[in-house]
Each structure stands twice: as structure tokens, then as C-alpha cells.
Amino acid sequence: MTQDFTPTEMMTIAAARALTNDDVCFVGIGAPSAACNVARLTHAPDITLIYESGTIGTKPDVLPLSIGDGELCDTALFTVSVPEMFRYWLQGGRITTGFLGGAQIDRFANLNTTVVGPYDKPKVRLPGGGGAPEIASNCGQIFITMALTNRGFVDHLDFITSMGHGEGGDHRARLGMKTKGPTRVITDLCIFEPDPVTRELTVVSLHKGVTREQIKENCGWPVRFATETVETPVPTETELSVLRDINARTKRAHEAA
Amino acid sequence: MTQDFTPTEMMTIAAARALTNDDVCFVGIGAPSAACNVARLTHAPDITLIYESGTIGTKPDVLPLSIGDGELCDTALFTVSVPEMFRYWLQGGRITTGFLGGAQIDRFANLNTTVVGPYDKPKVRLPGGGGAPEIASNCGQIFITMALTNRGFVDHLDFITSMGHGEGGDHRARLGMKTKGPTRVITDLCIFEPDPVTRELTVVSLHKGVTREQIKENCGWPVRFATETVETPVPTETELSVLRDINARTKRAHEAA
Amino acid sequence: MAKICTLSEAIEENVRDGDTLAMEGFTHLIPYAAGHEIIRQNRRELFLVRMTPDLIYDQLIGVGAARGMKFSWGGNPGVGSLHRFRDAVENQWPRPLEIEEHSHAAMANAYEAGAANLPFAMLRGYIGADLAKVNPNIKSVTCPFTGEVLAAVPAIRPDVSIIHAQRADWQGNVLIEGITGVQKEAVLAASRSIVTVEEIVDELNPPSPNAVVLPRWAISAVVHVPGGAFPSYAHGYYARSNAFYIAWDKIARDRDSFTAWIKANVLAGKPEDFARHAVRRAANAA
Amino acid sequence: MAKICTLSEAIEENVRDGDTLAMEGFTHLIPYAAGHEIIRQNRRELFLVRMTPDLIYDQLIGVGAARGMKFSWGGNPGVGSLHRFRDAVENQWPRPLEIEEHSHAAMANAYEAGAANLPFAMLRGYIGADLAKVNPNIKSVTCPFTGEVLAAVPAIRPDVSIIHAQRADWQGNVLIEGITGVQKEAVLAASRSIVTVEEIVDELNPPSPNAVVLPRWAISAVVHVPGGAFPSYAHGYYARSNAFYIAWDKIARDRDSFTAWIKANVLAGKPEDFARHAVRRAANAA
């Protein structure tokens, strides 16, 4: 028995499902944070969530607004300094999965969160990379969540903030990276995975009720579909209620203080 | 009113007097540890004592046998990891005074605690440098305490474990060091200081009752005396009783466990 | 040796026009009261260093105190843009802002190298990332054993660093708890340093021998400014005002409303104004 | 993911002939019980890594388990020589021992670099010191910004690291308190790791959010061995037996008395023998 759900809810829940109990997950803010905590509160209770502020094994009751909210430290197994986080834990190769979002993505899952327009004379100055450049190269694999829009899924990035599969093919390996890079891009309409050879993002799963036309219209490059695509299983009642509960608790908390 | 005292007591107390309230002192084991704690318990109660085990601002009631005895941590302001100790605190340039001893010393206050004989086929294999090489270069200044003997004060070192004034003169500066290096060598018979130009160790103070002949006999190189030498003030009653008390407490503690 | 003094004295004595200034606190313990005092004392030509400029540097940039900034993530966390930062970069208002942009990993390593008195930091970083193309301060170093090439960035060595912490004792020793970010490194990397604290106590009483402590001889000035991290937070004292972070978006979006806010809340304010935020409550209280 | 098991199983599964083995603990928390188990299981051709070999490696060297050792200070702290180490270096008894000697600073940095997954460590070190002349693993690296030359040493990356800690929870998360040395770095730098602990508890309850913790997914095996650090100590549990350190001088000075001691106390012993040292008392009790 399934309820109605929004595309954003589908995106978050599909992302949550990609995580397992054994994952040690470097969590970004926004959709990744919701997905990771839904995973923790449903099928992956033993997942280890790490935020770049230094909090390791955190179990927030409400989603943080920033990556350094007090809730993250209060519920963590322990908290380390930021240099230690980036040196021993991320660069140290201890993170299985990094979760990223971005303002723009290209077909090889490179991300831009730095500038629209030229770097020296930007049309829009975005916040910048933060942890992303090294999350992208040092985590075992990368999941990306972003709503599928023409503005976000673009044919050409003005700036590569963090490298996904670069120019495609074996580009990562050629640069000496031993990690997998982006293995899944979860949107509000569908799920992409990189083609095993070209590494171009390819639609492998369409969310319920979404058409190929809708996906094509919302993607800034001529989108490819896998030979066989499936329909993303709709959210279960448990998944939906866990997600809605944590969102409601979060809203109350952030508006109060 | 002064009591009798041993040469070793005179050495320890003379070393203690060289320290001030504002010093942040990197303490070695043995005579340095006794001297630093006598300073703390007499004229320099606010001195900061640091042991390379990571204990900062420690105030031991008994002298440690090792540089990592529990007493050091229990009485410290805080305790850091050993990498942090060597990176942020020693290399960071935060230590005003380092205290070293050694098996052998030469006229330029270079120390050997590594081998007697060739390195690859040693006659005597000594413990090695430990923290000394970087203590010698990174502390603001170095004090050395050693009993004056022919075996210890030698004409030629088989191995330079930690550099004092190297070949003398401006050798430290030529190697890029900005710290002062050894500024005082305190023995059981006298106190040496480096000549301002040549940096050769020169006797500046003789302990009470010690003759120049005695010093010459116990030094392995043709020893120089400063143009004007003084007599080291004898230990005060307070100094002696503080030193004897801590030694007695220490003896009881180490034999018990 | 730490001098315990007023915020006005501490800024007067330690922050100079033209300084390279690092005010750190990774979301937690951001020294807002000190930032306001710098604005009141009208420091100019500062080169700002901070991983996440946050509202504190949005304010310093908006009043024109900064000639440049080194940073790694310039947004309003969880909310959106730093509008004063964007206005400076996109429209040079109120003046141009020279930027030196890094990744978090590089900034964290650069602070760490500064604390360790090394001239540069190395990391497995910037691989395939365009920042290396636009920032000449991203170079490389080759491992003398394996031949591997690593990214290299200059160590951060501020003229002065400012942080906020939970408490100090009367000698000036400081305890930091919770998310400690790069605060310890920022202080140890700097020539001078100021720590504002929630409390000054007789005995520091760290909860563990391995607590994060800065000794008095590593600090220039300690200042008692309860609430001084608001709208950021102090673990064990008061929670982050997420509501203020959300409200800032509207305040800072417009030049006039920003200027009016600065006039009313900073120029007409004083350090004691922060005390009302220092109500002791669980840091996770809503 | 940490497996909670017996010491015998942990050594059997994680320590192999020929391994590069780091057993750390800077005076404090030295994993003696694990060292004895390695001797009982007759591991050979080990390359030992440890800043201060201490009695634990004097024992492994004396039984001939080691082909080589990397270290920075090889004495009996406060007492004098490590006689088995000296006998191996001076007289090749019971077999030659290849040594790679560093300073403490270099070793500490090399562990740190290993934990950070860097191929080498750099430091302001070895200036004017002869070790750089006799150890080919001391090289240099040049700062790409300032041209300054720094010492460089290879990162330490053991096949297996073993440490002792105060306590673990039943998931295998570990808390270390007091003098933490390079233990955390040794574990994070290694491919496999074993932690022996005084207690296994339901809730780890670190005393501070910033306590020194190793999470279960960074450890291969956790073993309950109360007293397992004797004659070293466990802060909060039992004090260092300085008397035993003094007594060791006589035991180890002579090959026969050493061999007899190993036979009686190690080969005929078992991990449970250490429990009698684990009497809970203040760590500074005499």
C-alpha cells in the first residue's frame, strides 16, 4: 500500500537505498544528509556517517542546517579536528562512500559548484568546492544527488570543481586515482549510472510515472538510456514516514533557534 | 648556613638555577628531569615542563623513571600525541629551552648517544638519539648536564647524534638554524659556556673546592678557561632539601611497584 | 604569555591595518564579537583567511575592511549565498576583493603545516580539479622515495588569529570542546592570537587528559565575551541560531539593509551585547 | 570491521612470518601480552617497527623472531641498555639484526604520514646529525614556494600494528586515554591491526567528544586481555612496574638467564597470566 510522494522524496529515498550497513559515508549537506539519515533510520542502522566538520559516527535526530551543527557532535561516537578529518580519515582511504551534490553536472559526472561564467569575472559566484575535490578522489565511490534540470545537467561545465570521470573512459586511472568515482547519480526523475566503458552517465532506472521525454527535456545533453531500464521501486510507507518525520523535526528545530 | 653536598647535587642545582619562570622546557630523563623539577619547586614555580611523551605543563611529585610515566600525564595541564608533540610544539618553535644529556660530548657541544666505534660495527651500541637531533635544532636554546669525565668529554666523537655548534663559529647559522644551540654545559665540577666567537666550550664557573687541575684531568680535550671565572654559589639549604626530598620520594616510588 | 584584557584592548593591540587575519571556528565557536569589534575599530586592508567565510567575513567584506580573502567554501551554510561576498566578487562593491581559493583539504593541511612550522603542506588533492589552473599557489612536490607527485600549497602563517572557546583559567590557559575545526592550528600558526571565551574559571578542569587545550604561552590575549560566538554556537553553552543564519540571507541581499544592520547592530553595539545569547542550555536544544 | 576474539586467534589471523610489525605504546600501554603470544606462536623474520623498542622488542629480538628493526631510541628507559638488542647488534646473537635508525621526530612524522596515506613525511630535522649519513632512508625535499630544503623519510605502513588500550565496546570501538603516543597513527597506517584492551564494556562513554577513539571499522581484531600492558601501564587501571624495568636489566644481561625467563614466563605462559596485574588502582599509585 503506497502513498503519494513527491519527486524530491523519491530522490532522497532512492539515494538512501544505495547505502548499506557497512558503509562509512562522508555526508554533504542537503539531499545527501537526508538520504544518509533515512538509510540509517531504515535498512542500515549500523552505517557510519561522517561530516567534514570532524564528527564521526554521528546519529542526528534532526538534520543539520550546516555541516557543523551541534547535533552532529552531540550524537557522534567521537569528533576530530578538521585537519585530522581530511588527513587520516578521508585521505587515509577510510571512507567507502562520499555523497556529493552540485550546482552543475556534466555527462561524465564532473561537478561545478564554483562559478558560472569565467573564473576571473564570474556571472554567478557560487560557494566553491569545500571538501568536494578531495571527497571526489579519495572516497571508495561517489554518489551524487541533484534534481534533474536543464540548468543543472549541462552540456559543458564552466569550471570543474570536482572531477568525476573527467573526459570519460579511463581518465581517472590515467591520473593515478584508484577509487571508483561517481557510480550513481540519483535525481528526482531517474537514476543514472556511468557506462562501464565510456563512463558517460546513462539512465538505468526511471521513477514511477516519469517518461523518457521528461528526462530528455530536463537534461542539458542528449541523454542516453541503458539497453534495459527499470522502474524505480516506489517508496515504502516506512521510508516515507521516516523521511517526513525527520524533515518535520528538522523544520521545527531550525525555525525555533 | 650551608650543608655538605655532593658534586652531582651541585650539578643538578646549578642546572636548576639556569631556568626561569617563563621557560617552556623540553625535559630529558635523568639529571635534566631532576634539575627542571627542582627549579619548579624553588624559584620557578610557573615554569612549563614538557616531556616528549606528550605531557605538557606537568608537575610530577616524584621524578619519572621513563619519559612516559603515568605521573607525568596525571599532573599535566594536557597531553598530546607524540606526532603533535614533535610537530606543533617542538618543530613549531614553542619551546624556549631544551635539556639534553649524552654519553659523549665534544668541545663544540655536539653529543653522541648512538655508538662507540664504527656505526656498522659498533664497539658499544648506545640507545640512540630519540628526540635529541630535533630538540637540539628546534629549541630556543639548549642546556646540557653531564658529569665531567674523560670518557664523556672527548676530543673526537665517533658519531654526532645531535649537533651543538658543529665545527664551531657560525656553523649552525650556515646550516640555516635560527636557534642558539647549547648555551650552557653544567657538570659536577664546573660550568661551561661557548666562546662568543669560536663557540668552543669554555669554563666560566668552578664549583666550590674544585681546582683547574681537576677539570683539566677530567676533560678529554685541552680545556680552556674564560678570562674571568667565578665560583659557583653553593646550594642553599632550600635547594638541597628540595632536591633530596624529591630524590627520596622517587626512590621509594620506583622500588615499590 | 596570555594577557587577560578587554576585547577593545585585545583588538587594538593585536590587529593592525594590512594584517593577514584568520578568524576560525568550523561552524562552531565562530568569534563574531571579535569581528564586530574589528569593524568598530575600522581596521582596513585586511587579508582574510578562513575555510568557510560564513557571515563573519560577509560582514567584514561588506564594510570594506578586506583587500583579499583566502577560503575554501564561501556560502551561507544550508541557506545559500553570502551576498556581500558575491557582491564584492561579482560587482567589486564596496571594493574589489582579491581571492585565493582552495579546497577544504588544502586549507586544513595548510593550517596544519603552519602550526608545525613547515613552509608548505602536501596532500593527495586537486586531482583533475580546475582550481589548480586558476590558483598559482597550488603547486606540486615529488616524493623522493616513490616518485609520486602530490599537491603542495603554502603553509598558512597569519599575522594574527582569533578564535572563540568555551573557557579559560585566570592564567590564560584555554579549553576547546566539541567541533574544534582548525582553531588550534590557526592559533599555533599565527604570530599573535586572541581567544574570546564564554567563561574564565579558577580551574580549567579538562574532562580528559587528551582534551584540546591551548596553554597560556601560546596565546597573546584572552578576553571574556560570553555569547561571543552568536549566531554560531558554543558546545555546552548555547545552540547555533539557525534562524539567524536564515534571516541573514534577507539582511545581506541588499546593500542598504546590510549597511543599516551594521550600523544598528555593530557600530552602535558593544561586546557586552552578546551576553544575552549566552544562556546556558544544552547545545542541541532547539 | 573489528572481530572480537582471543589473543591466540588474533595473532594467528593477523601476524604472518616476514611481516612488518609495529607494536606501539610510548612507555604507556605497551602490548606485552600480544608480544608474548607472538613468541609462543613462533613467528619469524619479522621486521619490527617501534620508536622505543623497550623490553617488548628486547624479548622478540632475543628469541630470534626479528630480521630487522626500525627505531629511534633503543634503551631501557631510566635504567640503561637493552641487552638483547645490544647483543644482536654487537655480536649478531642469536642472529644478525638489520637496523634502520631514525630520530623520534622522524618516526613520529613517518607514522603520521602513514596514517594520512602519504608516501613520505617531511620535517625540519636531522640538521647536522650523522644519522642522515648512515641511513639511506633519510632524504630531502625542497619547498616549491620558498626553496627551503627539508628532511624527508618514507611513511611507515606496517603490515600489522598492535596496540593496547583501556577499553572497547562490544562493537569493537576503542578508547585510548592518557599518553597516547603514536598508537592511533600506527593503527591507521597499517593494513591490519589488533587492539588488546583492559575491558570490554556496553557503552564506550568517552569522557569528552574529543577523546581519542578508534572506530570498529579501522581495526581488524579486538581482544580482552586485562593486565596486557604489564610491566608497562594502563592509565586509570594500573601503574608502570618500574621495579620490573629495573629487574629486567639483570634478566636480559645474560643469554641464559634471558632464555630461562622466556621459557618460564612466556613459553609456559598464557594471556590470562597478565590478569593479576590488572588490579584497578590509580595509575600513579606506587
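Naming: A, B, ... by sequence-line order, numbering from 1 per chain.
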**Study point:** Interchain contact, Leu131(D) with chain B, by part (heavy-atom threshold 4.5 Å)
**Key:** both
Point to revise | Those residues that, when tested against Asp188(B), pass side-chain contact (heavy atoms from CB on, under 4.5 Å) (two or more places apart) | key: Pro7(B), Met11(B), Ala147(B), Leu148(B)
Exercise for review: With sequence neighbours left out, write down each residue that passes ring pair (Phe, Tyr, Trp, His ring centres under 6.0 Å) with Phe274(D), or none if nothing qualifies.
Suggested key: His36(D)
Check your understanding: Tyr119(B) versus chain D, heavy atoms under 4.5 Å apart: side chain, backbone, both or neither?
Key -> side chain
Practice item. Determine whether the side chains of Asp69(B) and Tyr233(D) contain a donor N or O and an acceptor N or O closer than 3.5 Å. Key: no
Exercise for review: Using a strict cut-off of less than 4.0 Å between a Lys/Arg side-chain nitrogen and an Asp/Glu carboxylate oxygen, indicate whether Arg125(B) and Glu101(D) qualify as a salt bridge.
Suggested key: yes
Practice item. Spell out the residues in residues 89-96 of chain D that have some non-hydrogen atom less than 4.5 Å away from a non-hydrogen atom of chain B, in order of number; otherwise answer 'none'. Key: Val89(D), Glu90(D)
Review point. Which region of Pro83(B), side chain (C-beta onward) or backbone (N, CA, C, O), has a non-hydrogen atom less than 4.5 Å from a non-hydrogen atom of chain D, or is it both or neither?
Key: both
Study note, to complete from the structure: Contacts of Glu98(D) meeting side-chain contact (heavy atoms from CB on, under 4.5 Å) (sequence neighbours excluded), chain-then-number -> Phe47(D)
Practice item. Using non-hydrogen atoms and a 4.5 Å limit, figure out which bit of Leu123(D) sits close to chain B: side chain, backbone, both or neither. Key: both
Check your understanding: Is the closest side-chain donor-acceptor distance between Tyr51(B) and Ser33(B) under 3.5 Å?
Key -> yes
**Study point:** Donor-acceptor under 3.5 Å (Thr55(B) side chain, Thr79(B) main chain)
**Key:** no
Review point. Any salt bridge between Arg199(B) and Asp170(B), counting N to O under 4.0 Å?
Key: no
